[in-house]
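To keep things clear, I will list the structure first and then write my remarks on it.
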Amino acid sequence: MNEIETQLQEEQQAGLASLERVADPQALDTWKQTHLGKTSLVMTTYGKMGTFSKEERPLIGRAVNAVKVALEAALAEKEEVIKHEALLSSMASEKLDVTLPGFLPRRGRLHPINLTMREVFRIFGDMGFQVYSSPEVETDDMNFTYLNIPPYHPARDMWDTFYTEDEGVVLRTHTSPGQIRSMREYYPNPVRVILPGACMRYEQQDQSHEIEFMQFELLVVDKGVTFAHMKGTLDDFTKRMFGASAYTRLRPSHFPFTEPSAELDMACIFCGGSGCGVCHGTGWIELGGCGMVHPRVLEYGGYDPEIYSGFAAGVGIDRTTLLRYHIDDIRYLRNNDIRFLEQF
Ligand code: FA5
């Protein structure tokens, strides 16, 4: 046995002996560097192989391989032991006390406006309507002109409009511009949509008026659509929303984009129609406006009024929510008082 083989054997013995004393992952790492790292005897012997004589090479090669295999096998075994010990010690030091009381997660809930809106979607979904979203920031043309309210026409005064600094851009005052957008998208097919969303008006806030409020628009366009279809649909909606005893009336009114036009009133659900504070003694509560789509609006939407007819309605979702939950002031809906919101 030559000198190198002897050194390798000693290295194996020393390595295995020192591995016995290794007790933690850091020491194991140091051991690995010392006995199997770049500067270890095993690795430097491989590096020097070319300097040995032809006869020595196979002998030294075999010897160094044997030492390497022995050291690596011992290392793998030690790694397992150390891993297991680390697990045991972490289990001992990080005990979980399963008897400690837990924390209840805070449960969120839907806003009453959203609850009402979902009910509106459900009711009209049952009737075969699709929900169509249209922008809250609109062009003046969509919000007014294509709804048969040309510039400078006094009918524009019906809505207290927020004009933006961009010429011809407004915050929509109602969901009616969605009529034009949905007609243009669906043409030449029949239209049966509800258009929900926020509307903005520059007005004095009080018990029943907000600057920002929600509406949903109803639009049906097809051949042979009549005023009777509209009355039936709106009456059915009211019964499904407020109960079978609810009933409605249509009161003549005016909107530039419908002809004829009407207000949809529901018999007051608080007094049954005899007159009370909520209905101001009239026995009726206004839910929204409605009417047969004006021929000019049908044309702006792309439909020929000689062939097609349609009806539309715009109902306030905030006010529907007040009636549904017997809330007496619209301002509660948006002041974010958790004590109010937790009741729904
Ligand atoms: C309109 O907005 C028409 N676009 C409705 C319409 C659509 C008519 C289609 C014909 C055909 P009006 O301004 O009346 O109409 O508003 C309709 C409903 O929105 C009201 O009945 C009310 O429920 C609600 N609403 C209006 N202004 C406010 C407000 N400031 N705060 C809360 N709700 C409001």
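We count ligands from 1, going down the list as the structure has it; atoms in each ligand are counted the same way. Heavy atoms only: backbone and side chains are in, while hydrogens, waters and symmetry mates are out. On a predicted model such as this, the values are computed, not experimentally measured, just so you know.
- For atom 15 (O) of ligand 1, the closest non-hydrogen atom on the protein side is Phe255 CE2, 3.5 Å.
- Residue contacts with ligand 1 for Cys199 are absent, since no atom lies close enough (heavy atoms, distance under 4.0 Å).
- Numbered from 1 in the order shown, with element, the atoms of ligand 1 that lie under 4.0 Å from a heavy atom of Phe257 read 3 (C), 4 (N), 6 (C), 7 (C), 8 (C), 9 (C), 10 (C), 11 (C).
- The shell of residues lying under 4.0 angstrom from ligand 1, judged by heavy atoms, excludes Phe311.
- At least one N or O atom of Glu286, backbone or side chain, sits closer than 3.5 Å to an N or O atom of ligand 1.
- Ile82 approaches Ala23 most closely through the heavy-atom pair CD1-C, 4.0 Å.
- Side-chain contact between Leu333 and Phe340 is present, with at least one heavy-atom pair separated by less than 4.5 Å.
- Under a 4.0 angstrom heavy-atom cut-off, Thr320 registers as lying outside contact with ligand 1.
- Between the choices His209, Glu203, Gln179, His254, the shortest heavy-atom distance to atom 30 (N) of ligand 1 belongs to Glu203.
- Residue Thr258 touches ligand 1 through its side chain alone, judged by heavy-atom distances below 4.0 Å.
- Residue Glu217 touches ligand 1 through its side chain alone, judged by heavy-atom distances below 4.0 Å.
- Listed by number with element, the atoms of ligand 1 under 4.0 Å from a non-hydrogen atom of Gly289 are 6 (C), 8 (C), 10 (C).
- Heavy-atom neighbours of Arg324 CZ from other residues, nucleotides or ligands within 6.0 Å: above the threshold of 12.
- Considering every non-hydrogen atom in both Glu136 and Ala198, the closest pair reads OE2-CB, 3.7 Å.
- For ligand 1, the atoms sitting less than 4.0 Å from at least one non-hydrogen atom of Leu287 are 21 (O), 23 (O), numbered in the order shown with element in parentheses.
- Here the side chain of Asp318 pairs a donor or acceptor atom with the backbone of Met214 at under 3.5 angstrom.
- At least one side-chain heavy atom of Asn143 sits less than 4.5 Å from a side-chain heavy atom of His174.
- The main-chain N or O of Pro150 is found under 3.5 Å from a side-chain atom of Arg156 such that the two form a donor-acceptor pair.
- Remark: ligand 1 atoms within the under-4.0 Å shell around heavy atoms of Ile330 are 32 (C).
- Closest to atom 33 (N) of ligand 1, if we only count protein heavy atoms, is Phe213 CD1, 3.5 Å.
- Short contacts between ligand 1 and Gly316, defined as distances under 4.0 Å to a heavy atom of the residue, involve ligand atoms 18 (C), 19 (O), 23 (O), 24 (C).
- At least one N or O atom of Trp159, backbone or side chain, sits closer than 3.5 Å to an N or O atom of ligand 1.
- Using a 4.5 Å cut-off on side-chain heavy atoms (C-beta onward), Leu36 and Lys68 make contact.
- The single protein non-hydrogen atom nearest to atom 20 (C) of ligand 1 is Arg319 NH1, 3.9 Å, given as residue, atom name and distance.
- Considering backbone and side-chain atoms alike, Gln215 places an N or O below 3.5 Å from some N or O of ligand 1.
- Distance from atom 5 (C) of ligand 1 to its nearest protein heavy atom, with residue and atom name: Gly314 CA, 3.8 Å.
- Side-chain rings of Phe237 and Phe216 approach one another, their centers coming within less than 6.0 Å.
- Here the closest heavy-atom approach between residue Ile211 and residue Glu203 is recorded as CG1-O, 3.7 Å.
- The contact set between ligand 1 and Gly288, taken as ligand atoms under 4.0 Å from a residue heavy atom, comprises 21 (O).
- Looking at Tyr303, its side chain does come within 3.5 Å of a backbone N or O of Asn189 through a donor-acceptor pair.
- Each of the atoms 31 (N), 32 (C) of ligand 1 lies under 4.0 Å from some heavy atom of Ser208.
- Between Thr173 and ligand 1, a contact under 3.5 Å exists for no N or O pair.
- A donor atom on one side chain and an acceptor atom on the other are not found under 3.5 Å apart for Tyr325 and Gln343.
- The shortest heavy-atom distance from Ser261 to ligand 1 is not under 4.0 Å.
- For residues 78-117, the set of pairs meeting the ring-ring contact (aromatic ring centres under 6.0 Å, His included) definition, not counting sequence neighbours, is empty.
- Between Met158, Arg201, Glu210, it is Arg201 that holds the heavy atom closest to atom 1 (C) of ligand 1.
- Residues Tyr163 and Phe144 approach most closely at OH-CE1, 4.0 Å, considering heavy atoms.
- Interface of Ala312 with ligand 1, defined as ligand atoms under 4.0 Å from a residue heavy atom, comprises 9 (C), 11 (C).
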